[in-house]
Novice: 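Here it is, the structure in full.
Worth saying up front: this structure is predicted, and the values here are computed from it rather than measured. One-based numbering along the sequence shown.
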Amino acid sequence: MRKTIHSPEYDTLLELLREARERVGMTQEQLAEGLKSTQSVVSKCERGERRLDAVELWRWCQALGVSYAEFTARLDKKLSRFVKC
């Protein structure tokens with residue numbers, strides 16, 4: 001396993017997060033309000049400058065009105081392309 005904060009797998013997570021926010025028609029500012037955070041933090045997370053843990057991901061899904069289970073299932077499906085057997 002790589003010892004880097006950046007990976008194609010994490011980039012996939014960030015892509016899905018941005019898509020989810022845009023799909024519900026929410027700006028970074030609006031998401032930040034729902035997270036009780038700032039637009040700067042949302043931007044840094046979306047660009048991969050600040051990593052999200054599992055609980056923070058759950059909070060993002062809640063703020064977006066997106067099912068955590070459905071989001072992670074979509075993520076799992078996309079990440080499966082990285083599995084090498």
Side-chain angles (χ1 to χ4, degrees):
M1 181 171 281
R2 277 176 272 217
K3 294 287 185 177
T4 177
I5 63 168
H6 299 287
S7 69
E9 295 89 343
Y10 196 73
D11 289 343
T12 300
L13 168 65
L14 299 180
E15 178 185 322
L16 285 177
L17 281 173
R18 280 187 302 272
E19 287 175 2
R21 179 179 56 77
E22 291 169 354
R23 189 172 30 259
V24 300
M26 197 176 279
T27 65
Q28 287 183 347
E29 292 86 2
Q30 291 168 323
L31 176 56
E33 285 178 27
L35 294 169
K36 298 185 183 0
S37 187
T38 65
Q39 179 274 330
S40 177
V41 168
V42 171
S43 177
K44 287 178 182 180
C45 291
E46 286 189 355
R47 288 187 318 230
E49 292 179 19
R50 183 184 177 285
R51 290 184 68 92
L52 294 172
D53 66 26
V55 173
E56 290 172 315
L57 177 59
W58 177 82
R59 287 186 180 135
W60 276 53
C61 288
Q62 294 294 304
L64 291 169
V66 172
S67 162
Y68 179 76
E70 290 175 16
F71 181 86
T72 55
R74 212 166 39 249
L75 177 62
D76 186 59
K77 184 176 179 179
K78 287 204 172 235
L79 292 179
S80 67
R81 72 178 185 219
F82 295 104
V83 176
K84 295 178 182 171
C85 298

Novice: Check residues 33-42 and write down every donor-acceptor pair under 3.5 Å in which the side-chain atom is one partner and the other belongs to a residue at least two apart or another chain.
Specialist:
residue	atom	partner	partner atom	Å
T38	OG1	V41	N	3.2
Q39	NE2	Q28	OE1	2.5

Novice: Give the cluster check for L17 versus F82: same hydrophobic cluster or not, with ILVMFWY residues linked at side-chain heavy-atom distances below 4.5 Å.
Specialist: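 They do share one cluster, since a chain of ILVMFWY contacts under 4.5 Å joins L17 to F82.
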Novice: Quick one: pull up CG in L16 and CG in L57 and give me the separation to the nearest 0.5 Å.
Specialist: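 CG of L57 is found 10.0 Å from CG of L16.
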Novice: Run the side-chain hydrogen bond (donor to acceptor under 3.5 Å, both in side chains) test against R21 and tell me which residues pass, sequence neighbours left out.
Specialist: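 By the side-chain hydrogen bond (donor to acceptor under 3.5 Å, both in side chains) rule, R21 matches E46.
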Novice: Do R81 and T12 have side chains that approach each other closer than 4.5 Å (heavy atoms only, starting at C-beta)?
Specialist: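 Yes - at least one pair of side-chain heavy atoms lies under 4.5 Å apart.
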Novice: For residues 60-72, which residue pairs pass the side chain to side chain donor-acceptor pair (under 3.5 Å) check, not counting sequence neighbours?
Specialist: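 Checked against side chain to side chain donor-acceptor pair (under 3.5 Å) - neighbours excluded - no pair reaches residues 60-72.
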Novice: In chain order, what residues pass the side-chain hydrogen bond (donor to acceptor under 3.5 Å, both in side chains) check against R74, with sequence neighbours excluded?
Specialist: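 None.
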Novice: Which heavy atom of Y10 sits nearest to which heavy atom of R51, and what is that distance?
Specialist: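 Shortest heavy-atom separation between Y10 and R51 comes out as OH-CA, 3.2 Å.
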Novice: Rounded at 0.5 Å granularity, tell me how far CD in E19 sits from CG in L14.
Specialist: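 Going from the CD atom of E19 to the CG atom of L14 covers 11.0 Å.
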Novice: Give, for atom CG of L31 and atom CZ of R18, the distance between the pair rounded to the nearest 0.5 Å.
Specialist: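 If we round to the nearest 0.5 Å, L31:CG and R18:CZ are 13.0 Å apart.
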Novice: Between CD of E22 and CG of L64, what distance do you get to the nearest 0.5 Å?
Specialist: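 These two atoms lie 11.0 Å from each other.
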Novice: Which residues pass the side-chain hydrogen bond (donor to acceptor under 3.5 Å, both in side chains) test with R47, not counting sequence neighbours?
Specialist: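 Scan of R47 (side-chain hydrogen bond (donor to acceptor under 3.5 Å, both in side chains), adjacent residues dropped) gives S43, E49.
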Novice: Under the side-chain hydrogen bond (donor to acceptor under 3.5 Å, both in side chains) rule, collect the residues that match up with E56, sequence neighbours excluded.
Specialist: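 side-chain hydrogen bond (donor to acceptor under 3.5 Å, both in side chains) list for E56, sorted by chain: R50.
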